[in-house]
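Both counts, for ligands and for their atoms, begin at 1 and track the order of listing.
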Amino acid sequence: MRSSLLWLFTLLDIGSRPPPAPKPRLVLVITVDQLRPDYFDRYRTQLNGGLAMLLKQGAVFAEAYQDHAVTETAPGHSTILSGRWPVHTGIDRNTAGVQDSAAPLLGVRGPGASPARFRGTEFFDWLKAAEPGARALSVSGKDRGAILPIGRAKQQVYWYAGGYFTTSRYYADSLPEWVRVFNGRRIPFKAAGATWNLLLPARSYTEPDSEPYENGGQDFTFPHRLSSDSARVALGFLAVPSMDSLTLAFALEGVRALGLGSRGAVDLLAVSLSTTDYVGHAYGPDSREIHDQVVRLDRSLGSFLEQLFVRYGSRNVLIVLTADHGVTPFPEHSRAAGHRDAQRVNVDTLLAAVNAQLDERAGGGAWLAFESGMVLLSQRRELAEQGVNVDSVVTSVAARLRAVPGVGRVDRPADLAKHDTTSAVVRRWMHQVPLDAGVELVATLKPYSIWLISNVPSIAMHGQPSDLDAHVPLILWGRALRRGVYQERVATVDIAPTLARLLGLTPAEPLDGRVLTEALASP
Ligand SMILES: [Zn+2]
């Protein structure tokens, strides 16, 4: 009797934790550059493809954040599969992201790139340690979008440069045959003279299509005609919705050529889709163009996932969908919507004046720099050796910055820890700036204002520690997840620890994120 009960208990798995779900063959991590989660609500009734499927069947975290201050592409991509904030990954801004002249591109002109500044390990390193046969393919329109989700691992990492997908010397000495064949089709070049029309009937779009502040005041209404010059079209292809389908087609080609997920090990496919960012910058988050881009993204993701499911079976794929940051509307739009103080803020003249004074007192030097809301001073010691009281200079710069219209607050990083960390702004800066990185001050704009970068046209921007820029989608999809909408605040650093738990992996270092146990079928 006793033994048959035991047998029954074993059969029904009573009294013990349910066994973990069998491992997937493929982990797919999709990052949509600049995708704001409120787009899902705005366009929900028109979504019927990949986004609709993930929203309906996934574990959807409605309050997910890139919970750091400099909400830019490189820092955002560095948190997703590392489980750590920029303060710990070393990737604290785009301008000191993946640029690396020691790692030139293969076969095309463009800035060299590598993960040389990235510190520590990522999800793929933990996977590889447990399963030496594991492989990763990472694909994006942008170098930073392809490189940073993988960390330092020398895997198959490709991005778009001037009409072709390529990689850098950090990863390889030559492009594999399948990449050369794909590039040989010259798809972007063949789009010369094509037209970007609305996908749905015009009445489906409630946004005005005639805001002259969009796209630098040029070509801001549908239809958008691409140049008849094929080289120009290839160069600008990142800003055309077909770029996302091209990236997905390239990813599928890689999956086939590499036999990803077909050798017994779990493999990683990371795809970062860049066009939403280009369209959002040029036309803003309230435009007809971003609406059409997101509907098109939904459709192209749908057919991409269908093809993956045919290959692997949907039960064998684990999917994450998130974004690297959101975006703040054009100040013109914000002012019309009642945010009267919304403006573009530029402090270059202020900083240049301070540097000129320092040159007079201490001789010429690369003194203060202003990047991504941070006042940087790499030569603090040299300045002090010239008899300059650096602290008093910094205090005076802080006072002058605080007086600039549109600036909300200016802090010394070392002072932030003394503040209330329930303030999102303070918390996000603490997640951002290492105390030894030469950051003297951090400046935060008032809500709805944006930095105006010299020599860059007036575009919609992100990069602030505001919810507009930090709020992102986070959806987990797969048979090991519990579908539903989750309202608690979570962060993109929670993704890597959650994937590690799902695959039984041990992260190689302390993480900033937590396991999202509430969404796990067997927590
Ligand atoms: Zn981005």
Side-chain angles (χ1 to χ4, degrees), residues 29-39 64-82 85-86 89 91-99 111 113 115 117-118 138-150 157-161 236-241 243-244 247-248 270-285 287 289-290 293-294 297 301 320-330 371-373 428 431-432 450-451 453 456-457 459-474 491-493 495:
V29 179
I30 304 162
T31 307
V32 180
D33 207 305
Q34 204 192 99
L35 184 68
R36 277 178 25 170
D38 60 327
Y39 296 163
Y65 293 84
Q66 286 275 4
D67 207 27
H68 54 259
V70 179
T71 42
E72 295 178 342
T73 298
H77 278 88
S78 84
T79 67
I80 292 167
L81 288 179
S82 71
W85 305 120
T89 64
I91 305 294
D92 65 359
R93 59 194 189 274
N94 270 352
T95 48
V98 296
Q99 302 88 341
R117 286 184 199 81
F118 182 86
S138 186
V139 175
S140 175
K142 299 181 182 178
D143 49 11
R144 48 208 177 276
I147 291 171
L148 293 167
I150 303 295
V157 178
Y158 301 99
W159 58 93
Y160 185 84
F237 205 60
L238 281 162
V240 180
M243 179 66 207
D244 283 344
T247 308
L248 293 167
V271 180
S272 172
L273 299 168
S274 309
T275 302
T276 305
D277 183 67
Y278 286 90
V279 173
H281 276 305
Y283 300 96
S287 61
E289 282 80 2
I290 201 73
Q293 159 62 15
V294 172
L297 170 72
L301 266 181
V320 179
L321 181 125
T322 190
D324 55 343
H325 52 75
V327 68
T328 297
F330 279 94
E371 287 180 22
S372 306
R428 287 173 184 160
H431 290 165
Q432 183 71 41
I450 59 178
W451 294 116
I453 305 163
V456 172
I459 55 177
M461 269 306 280
H462 52 85
Q464 285 292 300
S466 65
D467 283 358
L468 285 169
D469 291 356
H471 194 190
V472 291
L474 201 176
T492 48
V493 292
I495 294 169

Report task. Check D324 and report its N/O/S atom nearest to the Zn ion (ligand 1), by atom name. Result ->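 This residue's closest N, O or S atom turns out to be OD2.
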Report task. Determine which of the N, O or S atoms in D33 is closest to the Zn ion (ligand 1) and give its atom name. Result ->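 D33's closest N, O or S atom to the Zn ion (ligand 1) is named OD1.
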What distance separates [X] [atom1] from [Y] [atom2], expressed to the nearest 0.5 Å?
X	Y	atom1	atom2	value
I80	L148	CD1	CG	9.5 Å
Y160	T275	OH	OG1	10.0 Å
I150	S82	CD1	OG	12.0 Å

Query raised in the report: With a cut-off of 2.8 Å, does H462 place any N/O/S atom under that distance from the Zn ion (ligand 1)?
Result: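 H462 does not place any N, O or S atom closer than 2.8 Å to the Zn ion (ligand 1).
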Requested in this report: May I ask you to check if any N/O/S atom from T73 comes under 2.8 Å of the Zn ion (ligand 1)?
Outcome: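 Within the cut-off used here (under 2.8 Å), T73 does place an N, O or S atom near the Zn ion (ligand 1).
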Query raised in the report: With respect to Q66, which candidate in T79, T322, D324, D469 satisfies the side-chain hydrogen bond (donor to acceptor under 3.5 Å, both in side chains) definition?
Result: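 The passing option is T79.
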